[in-house]
**Student:** 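Have a look at this one.
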Amino acid sequence: MNEARVLSKRVYVDRIMAVQRAKGVLLGSWLLLLLLPKGIQACGHVAIESPVVHFGSLITASCIIRHESCSAIHEGIIRLLWTLDGHPIPDTQDGGTWGTQSNVTIERFERPKGILSCYVAQNVTHQLVDRVEIQAGYAPSKPKDLVCIMNVTEDSLTCTWDPGRETYIDTNFTLERFRNRGRCGHLQDKKEDCIPKKGQSSCTIPREFLNLYQKVDMWVTAKNALGRAESEHLCLDPMEVVKLDPPTIQRITSSRLNRGCLKLEWAKPVEGSWIQQWFELRYKAEEDITWQTVTNITSSALQMEHCGFRLAHKYHFQMRCIKKSLRGYWSEWSDTKHFLTPEGAPVGTLDVWWKSKRLDSERSMEVQLLWKAMRKEDARGTILGYLVFYTAGDTPEGETVVCNTTEEVCHFLLPIGLERVSVQAYNSAGLSPVTEVILLNMNGHPLSRVQAFPNDDHSLQVAWDAAEVSVTGYVLEWCRVAETSPCDIKWKKENNACNRALIQENIEPFVRYKILLYPLYKHAVGKPVQTEAYTREKAPSRTPKLEVKAIRKSHAELTWEPVPVEERNGFLTSYTVFWTDAKDKTFWSVLEASSRSFILGDLVASSTYKVYLTSSTSAGTTNGTVLTLHTTLFDEIEVGVLIMICMVTLCLLFFMYRKKQQMKNRFWPDVPDPANSTSGKWIPAELQEENKLPSDMREPQQVITCDVTILEKDAAQQKNRSKDHLEDPLKSFIHMHKEDILGSLPQFSDHKLRSYVNTSESVQYAKVIVDSYRGQCVPAPLYIRSDSTQPLLGDMTPSPKPYENLWFHGTHREENGCPVFQEDTSFHESESLMEFPLLQGLRIEGSDDLSDLPNFRALASNKN
């Protein structure tokens with residue numbers, strides 16, 4: 001009945017929408033017609049048998065033009081054109097000079113509505129003459145499922161029906177009533193009709209138009225332009241179709257005497273409480289799908305007790321009512337009432353699995369015990385914890401509790417020789433029965449193979465070959481493969497008849513799972529077989545980072561560490577190394593997924609390369625970051641040779657530094673130092689007396705270097721001296737170079753004695769220039785001591801002071817602070833010059849020949 005109501009409402013909604021669309025089209029057509037020129041509108045019209053037709057019907061229309069009534073149309077033959085919804089359609093014409101008629105035929109009209117238009121075509125213009133809207137639909141079908149309900153609360157009678165298929169045209173419905181005086185079908189007095197609103201398939205009759213406890217005949221009439229239909233007649237008394245309001249559940253309590261029994265209390269609806277009623281109860285546990293029903297409840301005390309409820313379960317309760325005569329309709333279900341039944345001690349045993357490992361250092365065995373949570377009907381309440389213990393002897397006093405935990409796993413050490421462990425669950429009502437576990441040896445025969453493949457994104461299908469020997473069952477383990485966290489084991493047991501299983505717990509896409517399968521035998525557990533699988537794969541989250549292990553001028557060695565399993569998102573199929581040289585030429589090499597290094601060969605020395613790595617799975621590829629390489633200019637052997645050469649060079653330099661004196665004497669021998677000559681050791685008596693003078697009488701520490709210039713009086717004396725030079729070669733040499741020799745000597749003041757000291761500045765103390773001998777060409781001077789910092793002939797003055805040599809007592813003068821000596825003809829030149837100690841040291845004993853002058857030059861220009 002409810003489905004019929006929904007269907008009828010849907011059909012009527014569609015019908016209303018169609019009617020509204022049709023009205024819009026008609027309104028637009030009328031507006032167009034009103035806007036047409038009056039002259040054209042009065043010239044003709046379109047004639048049609050009926051504007052409303054059945055779907056698929058044949059339609060014939062005519063367009064007639066009266067020329068004498070159309071002053072807007074020129075004389076002559078005109079042509080009429082037809083369109084249906086703007087699309088041209090063929091026609092047949094019959095006309096002459098003063099009139100025209102055009103007919104059109106549509107074989108099958110199969111659209112809900114359409115606009116048929118007639119136009120006048122004259123010259124190049126087309127003008128509308130007339131148009132008509134055609135609607136297609138169906139005659140109303142027979143209304144069905146007429147149902148009338150008396151609502152005591154609203155005090156009205158409401159009838160609903162199924163209007164049938166959509167008609168696509170306006171259809172009117174009417175609820176008709178006739179009084180029959182207690183005899184159905186004998187119509188006597190007609191009651192007021194009930195007309196529903198547009199689009200509705202129900203109608204409500206108020207209380208003032210009803211006669212309670214009197215029968216009436218009722219039916220629904222449907223009518224439109226294509227036909228009329230009536231529903232089946234319904235004969236009823238309004239009080240026989242009463243539908244009461246639902247009762248109210250007031251309280252639910254647990255029975256004190258019987259566990260699993262509940263007591264319910266409820267109240268009648270306010271309206272109709274005076275009516276005798278039957279009640280019906282339904283309930284279900286929260287995890288159940290179907291309801292359990294308790295019928296024919298007639299308790300006048302409005303309470304009842306019912307048993308069979310499971311402990312520690314949440315139940316939902318609802319009630320409804322009907323007239324006790326069962327003539328009428330059941331009320332709606334009441335609001336849901338919830339109740340949690342009391343707890344009881346757990347029943348049943350635990351499903352347990354274990355893993356063990358013997359320790360070498362201790363006389364014990366490490367055991368990992370795992371178990372599944374109890375079913376709710378077995379737990380009979382909220383499990384507060386689990387006890388794991390073992391018994392060393394045959395008495396209860398020997399029990400040792402190793403775990404009291406709320407988790408479903410226990411790690412403990414078991415002494416060697418014990419093979420039995422017990423587990424119990426407990427809640428607020430008590431302990432469960434003991435589950436005894438025998439720790440069998442895991443050395444049984446393994447299975448031949450196991451396979452895993454995706455079932456969907458959140459489940460894996462596991463298949464295996466049956467064992468060759470009889471097994472009692474299988475244990476399937478699985479966990480996520482992760483490098484950053486331990487393996488959280490999930491497991492399940494399968495019976496011995498299975499060779500495949502579906503894993504759904506804790507399964508996600510792009511995650512690798514390790515799966516182990518153990519066969520169970522009567523006295524042992526088989527060794528596991530292992531496999532790994534993904535439900536779905538994708539490209540890796542990232543690619544390993546390249547690192548340079550070694551680089552040479554022609555090759556480079558690259559290494560990388562694989563990314564963690566959690567970031568691979570699938571099984572790696574390969575690595576690919578790409579590298580690009582300075583000319584943007586790209587090379588690549590595909591490597592196996594187990595590769596961890598790669599050598600780039602045939603590289604150019606002292607060049608730049610860009611390298612990156614990609615990692616691939618069956619679902620995609622991910623690129624890594626770019627690494628820039630610079631090849632070296634030399635190889636290791638070449639660098640080693642260069643280092644050895646440098647070391648040998650350093651060793652030679654160090655040896656030469658340690659033996660610098662010997663090397664200096666061998667390659668750069670010492671030149672005689674005038675300060676260490678015999679002339680330097682000569683000390684005149686006057687100088688010895690000078691050293692005895694008080695220190696305050698000596699000159700301050702000053703150094704003044706002046707040239708000694710000898711001024712000659714006349715050229716005649718020069719001529720006489722030249723003759724003497726021929727007699728004595730040494731005197732001749734001194735005469736020829738007296739100016740240079742005297743110019744190189746330090747100048748002295750007339751009044752004060754100045755001593756010689758060592759300074760860091762250059763001191764000019766000797767200058768020997770040789771003139772030509774006997775007309776020969778003399779080369780440029782070879783030895784010049786002009787920047788030496790060595791002490792002049794030790795600590796003593798190399799030549800006599802002015803007051804020690806009479807030669808200085810002659811006529812003299814100073815220029816710019818330096819003495820200028822003028823020769824005295826009474827003083828013999830050769831004798832006075834030879835009194836200088838330096839010149840005395842230049843004399844070559846046993847020879848008066850000037851061929852020894854080079855030795856004289858060498859001695860005069862020696863540097864320390």
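These values consider heavy atoms only, across backbone and side chains, with no hydrogens, waters or symmetry-generated copies. Residues: numbered from 1 along the sequence shown.
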**Student:** Checking E332 now: which residues fulfil salt bridge (Lys or Arg N to Asp or Glu O under 4.0 Å) with it, not counting sequence neighbours?
**Tutor:**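 Salt bridge (Lys or Arg N to Asp or Glu O under 4.0 Å) list for E332, sorted by chain: K243.
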**Student:** Do S541 and N569 pair up side chain to side chain, a donor and an acceptor below 3.5 Å, judged on atom types alone?
**Tutor:**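 On atom types as modelled, these side chains qualify, holding a pair under 3.5 Å.
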**Student:** How close do M218 and L146 get, counting heavy atoms only, and between which atoms?
**Tutor:**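 Smallest heavy-atom distance, with atoms named: O-CD2, 3.9 Å.
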**Student:** Tell me whether the count of non-hydrogen atoms from other residues, nucleotides or ligands lying under 6.0 Å of CZ in R228 goes above 12.
**Tutor:**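 For R228, atom CZ is crowded (more than 12 foreign heavy atoms under 6.0 Å).
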**Student:** So which heavy atom on A463 is nearest to which on F453, and how close?
**Tutor:**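 Closest pair (atom of A463, atom of F453, distance): CB-CE2, 4.5 Å.
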**Student:** With a 4.5 Å limit on heavy-atom distance, are the side chains of T614 and F578 in contact?
**Tutor:**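 Side-chain contact under 4.5 Å: yes.
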**Student:** Testing the basics here: between P540 and T622, what is the closest heavy-atom pair and its distance to 0.1 Å?
**Tutor:**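 Taking every non-hydrogen atom into account, O-OG1, 2.6 Å.
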**Student:** If I compare all heavy atoms of D130 with all of V46, which pair ends up nearest, and what's the gap?
**Tutor:**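 Closest pair (atom of D130, atom of V46, distance): OD2-N, 2.9 Å.
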**Student:** Do I149 and V241 have side chains that get closer than 4.5 Å, going by heavy atoms?
**Tutor:**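 Counting from C-beta outward, I149 and V241 never come under 4.5 Å.
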**Student:** Is the closest side-chain donor-acceptor distance between T160 and S202 under 3.5 Å?
**Tutor:**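 No, S202 and T160 have no side-chain donor paired with an acceptor closer than 3.5 Å.
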**Student:** Using a strict cut-off of less than 4.0 Å between a Lys/Arg side-chain nitrogen and an Asp/Glu carboxylate oxygen, indicate whether K144 and E232 qualify as a salt bridge.
**Tutor:**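 Salt bridge absent between K144 and E232.
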**Student:** Is the count of non-hydrogen atoms from other residues, nucleotides or ligands lying under 6.0 Å from R207 atom CZ greater than 12?
**Tutor:**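 Above 12, so yes.
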**Student:** May I ask you to check if R500 and W464 form a cation-pi contact, with NZ or CZ under 6.0 angstrom from the six-membered ring centre and within 45° of the axis?
**Tutor:**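 Ring-cation test returns no.
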**Student:** Under the rule for salt bridge (Lys or Arg N to Asp or Glu O under 4.0 Å), what residues qualify as partners of R177, not counting sequence neighbours?
**Tutor:**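 Applying salt bridge (Lys or Arg N to Asp or Glu O under 4.0 Å) to R177 gives none.
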**Student:** Give a yes or no on this: more than 12 heavy atoms of other residues, nucleotides or ligands lie within 6.0 Å of atom NZ of K191.
**Tutor:**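 It does: K191 NZ has more than 12 such atoms within range.
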**Student:** Any heavy-atom pair between the side chains of E505 and W478 that's under 4.5 Å?
**Tutor:**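 Sidechains of E505 and W478: in contact.
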**Student:** Check salt bridge (Lys or Arg N to Asp or Glu O under 4.0 Å) between D85 and all other residues, then give those that pass, not counting sequence neighbours.
**Tutor:**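 Partners of D85 by the salt bridge (Lys or Arg N to Asp or Glu O under 4.0 Å) criterion, ordered by chain and then number, come out as R111.
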**Student:** Are D245 and S331 linked by a side-chain donor-acceptor pair shorter than 3.5 Å?
**Tutor:**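 Distance-only check fails for D245 and S331.
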**Student:** Does E537 pair with R568 as a salt bridge, N-O distance under 4.0 Å?
**Tutor:**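 Salt bridge: no.
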**Student:** Should we say atom CD of E208 is surrounded by more than 12 heavy atoms from elsewhere, each under 6.0 Å from it?
**Tutor:**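 Count over threshold, so yes.
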**Student:** Just wondering, are more than 12 heavy atoms of other shown residues or ligands nearer than 6.0 Å to NZ in K284?
**Tutor:**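 Yes - once you tally the heavy atoms of other residues, nucleotides and ligands closer than 6.0 Å, there are more than 12.
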**Student:** Report the C-alpha distance between I322 and L244 in whole Å, list the side-chain angles of each, state the deciding distance to 0.1 Å, and finish with yes or no for side-chain contact (heavy atoms from CB on, under 4.5 Å).
**Tutor:** CA-CA 7 Å; I322 193 173; L244 301 172; over 6 Å; no
**Student:** Please give me the minimum heavy-atom distance between I89 and L116, naming the atom from each residue.
**Tutor:**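 For I89 versus L116, the nearest heavy atoms are CD1-CD1, 3.7 Å.
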**Student:** Could you please spell out the steps behind the salt bridge (Lys or Arg N to Asp or Glu O under 4.0 Å) verdict for E508 and R480?
**Tutor:** CA-CA 10 Å; E508 295 180 3; R480 294 188 178 196; 3.0 Å; yes
**Student:** With no hydrogens and no angle check, do the side chains of N180 and D217 hold a donor and an acceptor under 3.5 Å apart?
**Tutor:**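 Present: a donor and an acceptor within the cut-off.
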**Student:** If you round to the nearest 0.5 Å, how far is CH2 of W82 from CD1 of I106?
**Tutor:**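 So the gap between those two atoms works out to 9.0 Å.
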**Student:** Do the side chains of P163 and P143 get nearer than 4.5 Å, heavy atoms only?
**Tutor:**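 They are not in side-chain contact.
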**Student:** Does any non-hydrogen side-chain atom of S117 lie less than 4.5 Å from one of L128?
**Tutor:**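 They are in contact (side-chain heavy atoms under 4.5 Å apart), so the answer is yes.
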**Student:** Which pair of heavy atoms, one from E176 and one from D193, lies closest together, and at what distance?
**Tutor:**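 So the minimum-distance heavy-atom pair works out to CA-OD1, 3.5 Å.
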**Student:** Quick one: are N455 and L460 in side-chain contact, heavy atoms under 4.5 Å?
**Tutor:**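 No, too far: nothing below the 4.5 Å cut-off.
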**Student:** Taking the side chain as everything from C-beta on, heavy atoms only, tell me whether Q277 gets closer than 4.5 Å to P269.
**Tutor:**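 With C-beta onward as the side chain, the pair touches.
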**Student:** Once the angle between the rings of Y138 and F55 is folded into 0 to 90°, is it parallel (under 30°), tilted (30 to 60°) or perpendicular (over 60°)?
**Tutor:**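 It falls in the tilted class, 30° to 60°.
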**Student:** Give a yes or no on whether the ring-centroid distance for Y513 and Y534 is below 6.0 angstrom.
**Tutor:**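 Centroid separation for Y513 and Y534: 6.0 Å or greater.
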**Student:** Walk me through it: do N103 and S62 pass the test side-chain hydrogen bond (donor to acceptor under 3.5 Å, both in side chains)?
**Tutor:** CA-CA 4 Å; N103 302 320; S62 300; 2.7 Å; yes
**Student:** Could I get the full list of disulfide (SG to SG under 2.5 Å) partners for C184, not counting sequence neighbours?
**Tutor:**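 Residues passing disulfide (SG to SG under 2.5 Å) with C184: C235.
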**Student:** Identify, with sequence neighbours excluded, every residue that meets salt bridge (Lys or Arg N to Asp or Glu O under 4.0 Å) alongside K490.
**Tutor:**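 Result, salt bridge (Lys or Arg N to Asp or Glu O under 4.0 Å) vs K490: D488.
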**Student:** Answer yes or no: is there an ion pair linking K215 with E240, defined by an N-O contact shorter than 4.0 Å?
**Tutor:**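 Yes, charged N to carboxylate O under 4.0 Å.
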**Student:** Test the R320-F279 pair against the cation-pi criterion, namely NZ or CZ under 6.0 angstrom from the six-membered ring centroid and within 45° of the ring axis.
**Tutor:**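 The answer is no; the distance or angle limit is not met.
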**Student:** Would you say C148 and C159 have SG atoms less than 2.5 angstrom apart?
**Tutor:**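 Yes.
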**Student:** Mind checking what makes ring pair (Phe, Tyr, Trp, His ring centres under 6.0 Å) contact with H458, not counting sequence neighbours?
**Tutor:**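 With neighbours one apart ignored, the set is empty.
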**Student:** Between S334 and M319, is any pair of side-chain heavy atoms under 4.5 Å apart?
**Tutor:**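 Sidechains of M319 and S334: in contact.
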**Student:** Does the ring centre of F178 sit less than 6.0 Å away from the ring centre of W219?
**Tutor:**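 Yes, they do, as the ring centres are separated by less than 6.0 Å.
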